[in-house]
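A short write-up of the structure that comes next.
Just so you know, ligand 1 is whichever comes first in the structure, and atom 1 is the first atom listed for that ligand. Heavy atoms only: backbone and side chains are in, while hydrogens, waters and symmetry mates are out. By convention here, the first residue in the shown sequence is residue 1.
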Amino acid sequence: MIYLDNAATTKPNQDVLDTYLKVNQSLYFNPNSPHQAGLQADQLLQQTKSQINDILNLNQAFDIVFTSGATESNNIALKGIAYKKKAFADEIITSVLEHPSVLEVVRSLELEGFKVKYVDVTKEGKVDLNHLANLMTDSVGLVTCMHVNNVMGQVQPISEVAEIVHQFPKAHLHVDAVQAIGKIPLIFEGVDSLSLSGHKFHGLKGQGVLFVRNIHQIQPTIHGGGQEFGVRSGTVNLPMDIAIVKAMKTSVQNTSELNKTLHQFNKDICDYLSRFQGVQIHSPQGSAPHILNVGLPGVKGEVLVNAFSKHDIMLSTTSACSSKKASLNEVLLAMDIPVKQIEGSIRISMGSHTTHEHIEIFKDKFNKVYEEVRELLR
Ligand code: PLP
């Protein structure tokens with residue numbers, strides 16, 4: 001089986017699994033317990049956070065909160081910031097590029113009465129900086145801009161966005177960096193909060209991190225025992241937290257090398273696909289190398305995913321298989337990609353376990369799938 005769906009999830013590294021098991025066996029204590037074992041667990045929790053601080057060179061600029069994944073990190077941050085600022089800055093700026101764990105939170109805030117404005121997306125799949133500058137006002141309390149898009153891989157101009165946003169002192173910039181870590185260098189400068197998800201960089205599912213420049217900017221939305229600065233109540237999962245540091249260290253240390261390798265694989269696939277009539281590459285220039293969105297107009301994405309699956313190639317579709325425009329992928333629509341291409345789009349996503357051999361096998365199988373669907377291509 002060739003796994004090319006790493007944007008959905010990645011295989012956990014062995015040392016991550018080993019650490020998780022070992023810590024669970026020997027250090028299963030609750031860091032909130034007042035006894036010796038609890039204190040030891042709490043010390044380890046603090047050490048874990050300071051290791052993350054070192055790995056990412058954060059200089060203690062952020063409070064670090066462990067969560068169950070990026071969905072939870074995004075929810076805690078976006079709702080917490082919006083509520084805190086509601087009285088004096090109740091406008092939110094976002095874009096359709098965002099993952100549903102951001103977009104749906106913003107939509108729910110809109111129903112609660114917040115004013116939401118959407119930044120235009122350029123044909124290259126980036127937030128339109130001029131439009132963003134035009135949308136900014138003194139009433140904007142929150143701006144969201146993801147680091148790398150999960151549908152087609154485009155890298156967003158975080159530094160430029162931060163510069164525009166911070167001309168307005170009440171505005172907070174939240175960045176979903178789930179698809180960026182380990183693939184490109186992370187940008188923290190000018191960012192007020194940032195989310196990560198462990199299973200996207202060879203950690204475990206059910207593990208997320210939220211970085212917040214000043215935790216008091218967040219109004220708690222999960223109430224309980226007051227763990228994690230009071231913004232994420234619930235017993236801390238120390239084995240998971242220690243395991244994620246393993247995954248993060250490996251991932252961050254190998255970013256530059258992996259980026260080069262994946263660029264080669266990406267180019268190799270693009271060169272190969274360019275021989276096939278009708279095949280369109282949707283991922284724009286400058287995208288992160290691990291995500292390649294491709295369209296075969298005339299064939300539904302789901303049909304293609306099934307065809308590849310029968311050849312033991314696991315990849316995914318990015319379009320809801322429907323002729324109704326409303327259910328087409330919003331990101332690709334915003335980039336002005338024709339509907340037929342969007343309907344026939346697939347996402348090939350690589351990771352640190354992807355090898356040259358995998359790419360060769362994928363190319364061979366692509367040829368076979370293409371022959372199978374050739375009649376349908378328009
Ligand atoms: N943000 C982005 C960009 C993602 O790709 C994903 C997962 O696909 C998430 C957030 C949500 O992560 P999780 O499912 O770990 O909560």
Side-chain angles (χ1 to χ4, degrees), residues 3-12 16 20 65-80 94-108 121 125-127 143-158 161 173-184 186-187 191 193-211 221-222 232 234 237 240-241 243-244 247-248 251 282-283 287-293 305 314-320 329-332 334-335 345-351:
Y3 186 70
L4 293 173
D5 197 15
N6 287 274
T9 197
T10 58
K11 181 179 175 182
V16 172
Y20 179 66
V65 179
F66 287 118
T67 67
S68 68
T71 299
E72 192 185 1
S73 296
N74 287 335
N75 270 265
I76 291 173
L78 300 179
K79 289 182 192 160
T94 189
S95 84
V96 298
L97 291 171
E98 299 288 329
H99 185 267
S101 60
V102 168
L103 217 41
E104 292 305 320
V105 177
V106 172
R107 283 173 180 155
S108 83
V121 173
K126 293 192 186 193
V127 287
V143 178
T144 75
C145 182
M146 73 195 325
H147 213 315
V148 168
N149 180 266
N150 54 298
V151 173
M152 46 63 192
Q154 184 57 287
V155 180
Q156 299 304 316
I158 299 296
V161 167
L173 175 60
H174 176 74
V175 172
D176 172 344
V178 166
Q179 296 291 348
I181 183 168
K183 310 304 187 314
I184 61 164
L186 288 183
I187 295 176
V191 171
S193 56
L194 184 143
S195 307
L196 295 177
S197 186
H199 71 104
K200 307 284 185 176
F201 55 97
H202 306 285
L204 299 170
K205 286 169 232 343
Q207 167 82 84
V209 192
L210 172 63
F211 300 85
T221 47
I222 296 172
R232 204 279 181 173
N237 192 343
M240 278 277 223
D241 301 344
I244 203 174
M248 194 180 282
S251 185
H282 297 152
S283 295
S287 291
H290 64 303
I291 298 179
L292 196 51
N293 192 295
V305 169
M314 306 303 140
L315 40 72
S316 72
T317 170
T318 51
S319 85
N329 186 277
E330 283 189 76
V331 172
L332 301 179
M335 290 167 66
S345 61
I346 51 170
R347 181 183 68 179
I348 303 150
S349 55
M350 300 172 276

Quiz prompt | Pairs where residues 94-105 contributes a residue and the test salt bridge (Lys or Arg N to Asp or Glu O under 4.0 Å) is met, not counting sequence neighbours | solution = E104-R107
Practice problem: Taking the side chain as every heavy atom from C-beta outward, state whether T144 and L78 have any pair of such atoms under 4.5 Å apart. | Solution: yes
Quiz item: Hey, are the side chains of T10 and F201 touching, using non-hydrogen atoms and a 4.5 Å cut-off?
Solution: no
List, for ligand 1, each N/O atom that has a protein N/O partner under 3.5 Å away, with both atom names and the distance.
{"unit_1": "ligand 1", "atom_1": "1 (N)", "unit_2": "D176", "atom_2": "OD1", "d": "3.3"}
{"unit_1": "ligand 1", "atom_1": "1 (N)", "unit_2": "D176", "atom_2": "OD2", "d": "2.6"}
{"unit_1": "ligand 1", "atom_1": "5 (O)", "unit_2": "Q179", "atom_2": "NE2", "d": "2.9"}
{"unit_1": "ligand 1", "atom_1": "8 (O)", "unit_2": "H99", "atom_2": "NE2", "d": "3.4"}
{"unit_1": "ligand 1", "atom_1": "8 (O)", "unit_2": "K200", "atom_2": "NZ", "d": "2.5"}
{"unit_1": "ligand 1", "atom_1": "15 (O)", "unit_2": "S197", "atom_2": "OG", "d": "2.5"}
{"unit_1": "ligand 1", "atom_1": "15 (O)", "unit_2": "H199", "atom_2": "NE2", "d": "2.9"}
{"unit_1": "ligand 1", "atom_1": "16 (O)", "unit_2": "A70", "atom_2": "N", "d": "3.3"}
{"unit_1": "ligand 1", "atom_1": "16 (O)", "unit_2": "T71", "atom_2": "N", "d": "2.8"}
{"unit_1": "ligand 1", "atom_1": "16 (O)", "unit_2": "T71", "atom_2": "OG1", "d": "2.6"}

Quiz item: Can you find a side-chain donor-acceptor pair between S101 and N74 that sits under 3.5 Å?
Solution: yes
Exercise. Taking atom types as modelled, find out whether T71 and H99 have a side-chain donor-acceptor pair closer than 3.5 angstrom.
Key: no
Self-check item: Straight-line distance of S349 OG to N150 CG, nearest 0.5 Å
Solution: 10.0 Å
